[in-house]
Amino acid sequence: MWGATILMARSGPFMQKLSLPQRQTLGFVYKLVTGSIPFDVLRLHEKYGDVVRISPDQLAFAHPQAWKDIMGHQTTEMPKYKNYYSPIAGAPQHIVNADREEHAALRRALSHGFSERSIRDQQTIIKPYIDFLIERLHEKCDNGVSTQDMVMWYNYTMFDVIGDLSFGESFGCLESGEYHPWVRSFFNLAQTGTYLYGASWWPTLQKMIIKSIPKSSIQEQIQMYLMTVKKTKKRMDMVETRADFAQALLDRRDKIGLNMQKLEANANTLVVAGSETTATAMSGMTFYLLKNPDAHQKLKDEIRGAFKSDEEIDFHAASNLPYLQACINETLRAYPPTPSGLPRTVPAGGATICGQFVPENTVVAIYQWAMHNRRENFKLPNEFHPERFLDDERFKYDNKDAFQAFHVGPRACIGKNLAYLEMRAIMARIIYNFDMELSPDCQDWMSRQRVFDVWEKDELKVHLKPVSR
Ligand code: HEM
């Protein structure tokens, strides 16, 4: 029925002791923990079609209809796959991994923090961080050109912004010029999540992995948790009313039965969901622009022609730049910040996906990078062409419905509008202020990356030169 598979593990004496399904699962897990799974899944789609079986109980889809069928608003929402979303039993639930009922209540409460009005008010919190980013980069360019790691600067900015909106205080990364221990822990622990998921097919192995986690990592995790507790308490003690995400939760805390642990878990999740994602998109966009001089020039012309001073660039003004918007979308298509499959489980009774019946308990996923980079969905998928989002004739057969960097349905990204506003304002300010050139040793920055849920990124070294006016 489905395109043949499978990510099979190589044979050898050990493998021969395993059953075929075990070897197939091992093949999938191997690709997962070595960081190549989205690329392997694309290869399978290119060879076998819209649907491929990637392990005995898992299907991957790359037809645009799958977005609606798997993630859409249906009577029976497809639950998130527990092994992936809650690999450690007993950890507190939060908006991303909560079951349907709890999720709906949390989402309703949190939506107040993402309303048009809240976001307008949040600009007063966010703008000083963007000003500070630009100021810091100018400082670095004191003697003319300066080479800076832009991955780091975008991370500093986004963790400071989202830290402020979630905990009521920034992480101080822009100020100190280094990662706050909380942020450093997040990056250090990112890969562990992928390993725990990979081991979830073998509970004994998972226990062994948990036991083998070095003491220093456990200490780090404990420290991170204690910092979250402290920050959440501090935010709760604030008397002023703020237009932030924390306020949305605190105001409705009793109504939705949010205990302290869940409050902390949600604040944590918001920081993780809102910072690294947006920073990754901006790093990706910077790289693409510097590799594509025509697109870079067009964007410079648009931004530098639209404003007479830096002060004019705000959320609203940066939203009226079509080429900027197209560059952001093309980046999110070609290099989505959540490139992997975010798996769901087919509910009791089975479901129809892309016109075919799928039995209950099958794990189904859309590997976003594969969906966005598939030739059937986008012409010249490996090239950067913002024009495809500006109705250019060359791309008239692109299937735009395939592009869903923020997903669709009840579990889609709640921060989508905020993310676009931030990316537009920050990228417009960067392009307005600096001429940029990619350092020679970063020419293959993107092709070196692996995926452990998020992209594993090296430094993105860029020569910055302030624009003289
Ligand atoms: C370019 C930036 C971003 C991208 C590509 C992105 C992408 C996504 C995706 C794909 C999901 C679905 C996750 C799943 O199904 O498990 C998601 C969920 C979510 N995102 Fe974003 N996101 C971005 C920025 C933000 C920002 C700025 C925030 C604000 C804090 C945010 C907060 C969230 C939250 C809270 C959820 C869970 C929503 C729910 O389950 O109801 N995201 N995001």
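For ligands, and for the atoms within them, numbers begin at 1 and follow the listed sequence. All residue numbers refer to positions in the sequence shown, counting from 1.
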Can you report which non-hydrogen protein atom sits closest to atom 34 (C) of ligand 1, along with the distance? Ile414 CG2, 3.7 Å
Select one of side chain, backbone, both or neither to describe which atoms of Lys80 lie under 4.0 Å from any atom of ligand 1, heavy atoms only. side chain
Exam field: side chain Arg411 to backbone His103, donor-acceptor pair closer than 3.5 Å: no
Measure Gln404 to ligand 1 on non-hydrogen atoms and call it side chain, backbone, both or neither using the 4.0 Å cut-off. neither
Protein residue, atom and distance nearest to atom 19 (C) of ligand 1, heavy-atom basis: Cys413 CA, 3.7 Å
Just to check, does Arg344 reach to within less than 4.0 Å of ligand 1 when the distance is taken from its heavy atoms? yes
Can you check whether Ser111's main-chain N or O pairs, donor with acceptor, with Arg108's side chain at less than 3.5 Å? no
Between His385 (side chain only) and Glu387 (backbone N and O only), is there a donor and an acceptor less than 3.5 Å apart? no
Within the 4.0 Å heavy-atom shell around Phe245, which atoms of ligand 1 are there? 30 (C)
Derivation and outcome, side-chain hydrogen bond (donor to acceptor under 3.5 Å, both in side chains), residues Gln65 and His63: CA-CA 5 Å; Gln65 177 63 31; His63 188 284; 5.7 Å; no
Does some non-hydrogen atom of Tyr420 fall short of 4.0 Å from ligand 1? no
Ligand 1 atoms nearer than 4.0 angstrom to some heavy atom of Val96 are 37 (C)
Indicate, as side chain, backbone, both or neither, the part of Met71 found under 4.0 angstrom from ligand 1 when only non-hydrogen atoms are considered. neither
Any donor-acceptor pair under 3.5 Å linking the side chain of Trp67 with the backbone of Ala402? yes
Sub-4.0 Å heavy-atom contact, Lys416 with ligand 1: no
Just jot down the ligand 1 atoms closer than 4.0 angstrom to any heavy atom of Leu270, in number order. 30 (C), 35 (C)
Of all the atoms in ligand 1, which lie at a distance below 4.0 Å from a heavy atom belonging to Phe114? 29 (C), 30 (C)
Which of the atoms of ligand 1 are close to Thr338, meaning less than 4.0 Å from one of its heavy atoms? 10 (C)
Between the side chains of Lys82 and Asp99, is the shortest nitrogen-to-carboxylate-oxygen separation below 4.0 Å, so that they form an ion pair? yes
Please list the nearest protein heavy atom to atom 28 (C) of ligand 1 with its residue and the distance rounded to 0.1 Å. Gly274 CA, 3.4 Å
Taking heavy atoms and a distance under 4.0 Å, where does Ile95 meet ligand 1: side chain, backbone, both or neither? both
Where ligand 1 meets Tyr85 - atom numbers and elements under 4.0 angstrom, heavy-atom basis: 14 (C), 15 (O), 16 (O)
Under 3.5 Å, is there a donor-acceptor pair between the side chain of Asp57 and the main chain of Val363? no
Apply side-chain contact (heavy atoms from CB on, under 4.5 Å) to Met224 and Phe186, showing your working. CA-CA 8 Å; Met224 189 174 170; Phe186 162 74; 4.0 Å; yes
Show which atoms of ligand 1 fall inside a sub-4.0 Å distance from at least one heavy-atom site of Arg107. 38 (C), 39 (C), 41 (O)
So is Arg333 actually on top of Phe378's ring, under 6.0 Å and inside 45° of the axis? yes
Nearest non-hydrogen protein atom, atom 33 (C) of ligand 1: Ala273 CB, 3.6 Å
Of all protein heavy atoms, the one nearest atom 12 (C) of ligand 1 is Arg411 O, 3.6 Å
Nearest non-hydrogen protein atom, atom 24 (C) of ligand 1: Thr277 OG1, 3.5 Å
For Tyr129, the option from Asp164, Asp160, Thr157 that meets side chain to side chain donor-acceptor pair (under 3.5 Å): Asp164
Would you say the side-chain atoms of Asn377 pair up with the backbone N or O of Met371, donor to acceptor, closer than 3.5 Å? yes
Closest non-hydrogen protein atom to atom 13 (C) of ligand 1, residue and atom name please, with distance? Leu342 CD1, 3.8 Å
Using a 4.0 Å heavy-atom cut-off, which part of Ala405 comes near ligand 1: side chain, backbone, both, or neither? backbone
Taking heavy atoms and a distance under 4.0 Å, where does Ala412 meet ligand 1: side chain, backbone, both or neither? backbone
Per-atom contacts of ligand 1 with His407, taking only distances under 4.0 Å to non-hydrogen atoms: 10 (C), 12 (C), 15 (O)
Electrostatic pair Arg374-Asp50, nearest N-O below 4.0 angstrom: yes
If you have a sec, work out which protein heavy atom is nearest atom 4 (C) of ligand 1 and how many Å separate them, to one decimal? Phe406 CE2, 3.5 Å
Please evaluate residues Arg235 and Glu264 with respect to the criterion salt bridge (charged side-chain N to carboxylate O under 4.0 Å, His left out), reporting the C-alpha separation (whole Å), side-chain torsions for both, the decisive distance (0.1 Å), and the verdict. CA-CA 11 Å; Arg235 174 63 186 86; Glu264 288 151 12; over 6 Å; no
Member of Arg242, Lys233, Lys231 meeting the salt bridge (charged side-chain N to carboxylate O under 4.0 Å, His left out) criterion with Glu169: Lys231
Check: His103 N/O within less than 3.5 Å of ligand 1 N/O: yes
Salt-bridge contact Arg43-Asp40 (side-chain N to carboxylate O under 4.0 Å): yes
